[in-house]
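Working notes for the structure below.
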Number of protein chains: 2
Amino acid sequence: MTPAARRVLEAAARLFYERGIHAVGVDLIAHEAGVTKKTLYDRFGSKEQIVVEYLADRDERWRAFVARRLDAAPPEPAARVLAVFDASRAWAAEHSPKGCGMVNAHAEISDPEHPAHPVITGQKRWMLALFTGLAEGVRPAGAEPLARTLMLLHEGALVAHGLDMFPDAIGHAREQAHALLAAC
Amino acid sequence: MTPAARRVLEAAARLFYERGIHAVGVDLIAHEAGVTKKTLYDRFGSKEQIVVEYLADRDERWRAFVARRLDAAPPEPAARVLAVFDASRAWAAEHSPKGCGMVNAHAEISDPEHPAHPVITGQKRWMLALFTGLAEGVRPAGAEPLARTLMLLHEGALVAHGLDMFPDAIGHAREQAHALLAAC
DNA sequence: TCCCGAGTATACCGATCTGTATAGTGTGAG
DNA sequence: CTCACACTATACAGATCGGTATACTCGGGA
């Protein structure tokens, strides 16, 4: 990826997340990236492609972020679940003041045939699989329902954080997850 | 409200929810409502105003829907909490295949000065207050944290339902709320 | 009968949208 | 030096955006 393409993607990521996808035009992206539209279209071909790469890149960075946190976490499955919530809180503090970027993008992309759709659903499936794997280490019988509950707490916390419903929503979700795991 | 204005609001509500606010233009709204743009602007003055009334109307209908369900629910606070989740499941089945309209709108409206902002946050505050009032009947000491947990489960379930993460997410949230209340 | 308000139809405004075309600049490798 | 390539600058096409203006139809009430 050329330096200009990198700058385009960084600018698009910031603008798409802060203002929404449909509210941001390619002229603004090019201007913020210090790049002409020509270069932008030479590198990406379409706005739709920029949207897809924005989401795919964000997804990739999130997964790497979680993986790094998980590497530094204790081996006990329950502690690793809490490490995911801690990762989410840290991530939200610096990357997600407005909630989950995938959920927000999904609000604007209704067409299931849109190439960004599998990126969005893919991240959620990955998260559910992550929780399921960890839940199997906590309570092998009935790991699936436990993972789904963790998923609900996690998604709810991201929304609550984005809408600023009450202070430290993700921390609260973490404590609830803790209580839930302790009850096993 | 004149018949044409009502049709405009109905068309706008459907289009805004299904496709997103910025993706829908006033020409499309007018066409779908069987109304000219002139009539549309005579009644509402601006697209922004249509957005505000769409959200306010949706909020009002949701609150009335919950109130009706709550009227028919048993007097025990725990049962009334579950009635809220049941109401949400019924509402989602016929009005919200794509998750919470307020959350989706918030993804597109970043500016806190936007007149639609208080409508969005108002509904969430109302929901939290509703849960808090019911939680006080279940566990007077520590009603606030209990209400926040119910809120997380509820919001998470709406997101999970909208993204189709797994079947009957709201029903699962209801069962988790049930377990949570039973533990009090 | 007349009038008035609600609504229709159509044409238009300036601005902005995504996307393209042409011409020119700077730089590193061979 | 040359050549390829990344990039800049500017202009523009075609469509659509929110919003407005003019002229018309229709039905109900005084």
Side-chain angles (χ1 to χ4, degrees), chain A residues 1-57 104-105 107-111 113-117 119, chain B residues 1-57 104-105 107-111 113-117 119:
Chain A
M1 183 171 289
T2 66
R6 172 57 58 187
R7 291 206 308 278
V8 166
L9 207 51
E10 283 170 1
R14 181 173 53 80
L15 291 166
F16 283 157
Y17 183 78
E18 287 177 0
R19 308 190 193 181
I21 291 169
H22 284 121
V24 172
V26 291
D27 283 297
L28 178 58
I29 296 172
H31 181 263
E32 294 278 301
V35 155
T36 60
K37 284 199 291 177
K38 178 67 166 69
T39 300
L40 186 151
Y41 275 98
D42 284 347
R43 297 291 144 260
F44 295 94
S46 70
K47 179 186 178 181
E48 188 175 76
Q49 186 58 30
I50 298 179
V51 172
V52 172
E53 296 201 24
Y54 149 59
L55 291 172
D57 187 63
N104 289 351
E108 296 197 70
I109 299 171
S110 45
D111 181 15
E113 301 304 310
H114 193 290
H117 205 264
V119 179
Chain B
M1 183 171 288
T2 65
R6 171 58 56 188
R7 292 206 307 278
V8 166
L9 208 51
E10 283 171 0
R14 181 173 53 80
L15 292 167
F16 284 157
Y17 183 78
E18 288 177 0
R19 308 190 193 182
I21 292 169
H22 284 124
V24 172
V26 290
D27 283 297
L28 178 58
I29 295 172
H31 181 263
E32 293 279 301
V35 156
T36 59
K37 283 202 290 179
K38 178 69 166 69
T39 300
L40 186 151
Y41 275 98
D42 284 347
R43 296 291 143 259
F44 295 94
S46 70
K47 179 186 179 182
E48 188 174 77
Q49 186 59 29
I50 298 179
V51 172
V52 171
E53 296 201 25
Y54 149 58
L55 291 172
D57 187 62
N104 289 352
E108 296 197 71
I109 298 171
S110 46
D111 181 16
E113 302 304 311
H114 192 288
H117 205 265
V119 179

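First the proteins, then the strands, lettered A, B, ... as listed; each starts at 1. Heavy-atom basis, side chains included; hydrogens, waters and symmetry copies ignored.
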Protein and nucleotides 14-21 of chain D: nitrogen or oxygen contacts under 3.5 angstrom:
{"unit_1": "dG18(D)", "atom_1": "OP1", "unit_2": "Lys47(B)", "atom_2": "NZ", "d": "2.8"}
{"unit_1": "dG18(D)", "atom_1": "OP2", "unit_2": "Val26(B)", "atom_2": "N", "d": "2.8"}
{"unit_1": "dG19(D)", "atom_1": "OP2", "unit_2": "Tyr41(B)", "atom_2": "OH", "d": "3.0"}
{"unit_1": "dG19(D)", "atom_1": "OP2", "unit_2": "Lys47(B)", "atom_2": "N", "d": "2.9"}
{"unit_1": "dG19(D)", "atom_1": "N7", "unit_2": "Lys37(B)", "atom_2": "NZ", "d": "3.1"}
{"unit_1": "dG19(D)", "atom_1": "O6", "unit_2": "Lys37(B)", "atom_2": "NZ", "d": "2.1"}

Strictly under 3.5 Å: I want the nitrogen or oxygen pairs between protein and nucleotides 28-30 of chain C, one per line.
none

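To the nearest angstrom, C1' of dA9(D) lies 14 Å from CG of Asp42(A). Taking atom CZ on Arg6(A) and atom C1' on dC7(D), their separation rounds to 18 Å, with Å as the unit. Nucleotide dT18(C) holds its C1' atom 16 Å from the CZ atom of Phe44(A), rounded to whole Å. Atoms CZ (Arg7(B)) and C1' (dT8(C)) sit 11 Å apart, rounded to a whole Å. One interatomic measurement links the two molecules: CZ of Arg43(A) to P of dC5(D), which rounds to 11 Å at whole-angstrom precision.
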**Asked** Run the side-chain contact (heavy atoms from CB on, under 4.5 Å) check on Arg43(B) and Val8(B) step by step: do they pass?
**Response** CA-CA 9 Å; Arg43(B) 296 291 143 259; Val8(B) 166; over 6 Å; no
Anything under 3.5 Å between a donor and an acceptor, one on a side chain of residues 17-27 of chain B, the other on a protein residue two or more places apart or in another chain? List them.
{"unit_1": "Tyr17(B)", "atom_1": "OH", "unit_2": "Lys98(B)", "atom_2": "N", "d": "2.8"}
{"unit_1": "Tyr17(B)", "atom_1": "OH", "unit_2": "Gly99(B)", "atom_2": "N", "d": "3.0"}
{"unit_1": "Tyr17(B)", "atom_1": "OH", "unit_2": "Gly99(B)", "atom_2": "O", "d": "2.5"}
{"unit_1": "His22(B)", "atom_1": "ND1", "unit_2": "Glu108(B)", "atom_2": "OE1", "d": "3.3"}
{"unit_1": "Asp27(B)", "atom_1": "OD1", "unit_2": "Lys37(B)", "atom_2": "NZ", "d": "3.2"}

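Taking side-chain N and O atoms only, Thr39(B) has a distance below 4.0 Å to OP1 or OP2 of dT8(C). Contact between the side-chain N/O atoms of Thr2(A) and the OP1/OP2 oxygens of dC7(D) is found at a separation under 4.0 Å.
Between Leu15(B) atom CG and Leu28(B) atom CG the span is 5.0 Å, to the nearest 0.5 Å. The CG atom of Leu55(B) sits 6.0 Å away from atom CD1 of Ile109(B), with the distance rounded to the nearest 0.5 Å.
Thr2(B) is not listed as a side-chain neighbour of Thr39(B), based on a closest heavy-atom distance of 4.5 Å or more.
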